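Take a look at the structure set out below.
No experiment lies behind these values; they were computed from the predicted model shown. Heads up: numbering here begins at 1 and tracks the sequence.
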Amino acid sequence: LTSERQKQIQQLTQARDEQLKLATERQKQVGEMQLRLQQVEVQNAEFVTRQALLQEEFVRAEAQIDLIKDVLLREPGL
């Protein structure tokens, strides 16, 4: 009976060690994914900023085009 119990304890200990190894690996993966998520969030913020700057440039370009059209349409003989 004692040897049987020791065998069970050994099996349970081995199973626990395997689960601990898996849990450690999963924790590592979670840490890597959190780091990647932070990197993606930084990139996203940069893209949002660039998009806003481009939008401002488009608005200015449209205003310049409208101004040029107004000037050209007021020119006599055109």
Side-chain angles (χ1 to χ4, degrees):
L1 182 61
T2 303
S3 65
E4 185 179 314
R5 292 288 183 222
Q6 284 182 332
K7 186 176 180 181
Q8 287 177 345
I9 290 171
Q10 186 180 23
Q11 289 173 341
L12 290 171
T13 301
Q14 186 178 13
R16 182 206 61 203
D17 292 345
E18 289 175 13
Q19 290 300 315
L20 181 60
K21 183 179 176 183
L22 286 173
T24 302
E25 182 62 29
R26 294 286 188 240
Q27 191 66 28
K28 180 182 172 188
Q29 289 175 349
V30 166
E32 291 170 353
M33 294 303 281
Q34 286 174 337
L35 179 61
R36 180 67 184 133
L37 177 60
Q38 289 173 351
Q39 292 170 342
V40 168
E41 287 174 344
V42 167
Q43 286 178 338
N44 188 40
E46 290 172 358
F47 289 144
V48 167
T49 301
R50 287 183 193 165
Q51 183 179 6
L53 292 173
L54 282 172
Q55 186 64 33
E56 289 176 17
E57 288 294 323
F58 281 129
V59 168
R60 277 183 257 178
E62 288 175 352
Q64 288 177 349
I65 290 169
D66 289 340
L67 180 62
I68 291 169
K69 284 195 280 186
D70 288 345
V71 168
L72 288 176
L73 291 176
R74 288 186 198 156
E75 288 286 325
L78 292 180

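Side-chain contact between Arg26 and Gln29 is present, with at least one heavy-atom pair separated by less than 4.5 Å. Proximity of Gln14 to Glu18: side-chain heavy atoms (C-beta onward) are separated by under 4.5 Å at one or more points. Side-chain contact between Leu35 and Gln38: present, with at least one pair of heavy atoms (C-beta onward) separated by less than 4.5 Å.
Taking CG of Leu12 as the start and CG of Asp17 as the end, the distance is 11.0 Å to the nearest 0.5 Å. We find the CD1-OG1 distance between Ile9 and Thr2 to be 9.5 Å, quoted to the nearest 0.5 Å. From Leu22, atom CG reaches atom CD of Gln27 across 13.0 Å, with rounding to the nearest 0.5 Å. Considering CD of Glu62 and CD of Gln64, their distance stands at 11.0 Å, rounded to 0.5 Å. The distance from the CG atom of Asp70 to the CD1 atom of Ile65 is 12.0 Å, given to the nearest 0.5 Å.
Ion pairing of Glu57 with Arg60 is present here, as a side-chain N (NZ or NE/NH1/NH2) and a carboxylate O approach within less than 4.0 Å.
With a 6.0 Å radius and a threshold of 12 heavy atoms from other residues, nucleotides or ligands, Gln39 has its CD atom above the threshold. Under a cut-off of 6.0 angstrom, the local environment of CD in Gln51 is sparse, with at most 12 non-hydrogen atoms contributed by other residues, nucleotides or ligands. Enclosure of atom CD in Gln8 by more than 12 non-hydrogen atoms of other residues, nucleotides or ligands within 6.0 angstrom is indicated.
Scored by the side-chain contact (heavy atoms from CB on, under 4.5 Å) test, Leu53 finds Thr49, Glu56 as partners (sequence neighbours excluded).
If you check the side chains of Arg16 and Gln19, you find no donor sitting under 3.5 Å from an acceptor.
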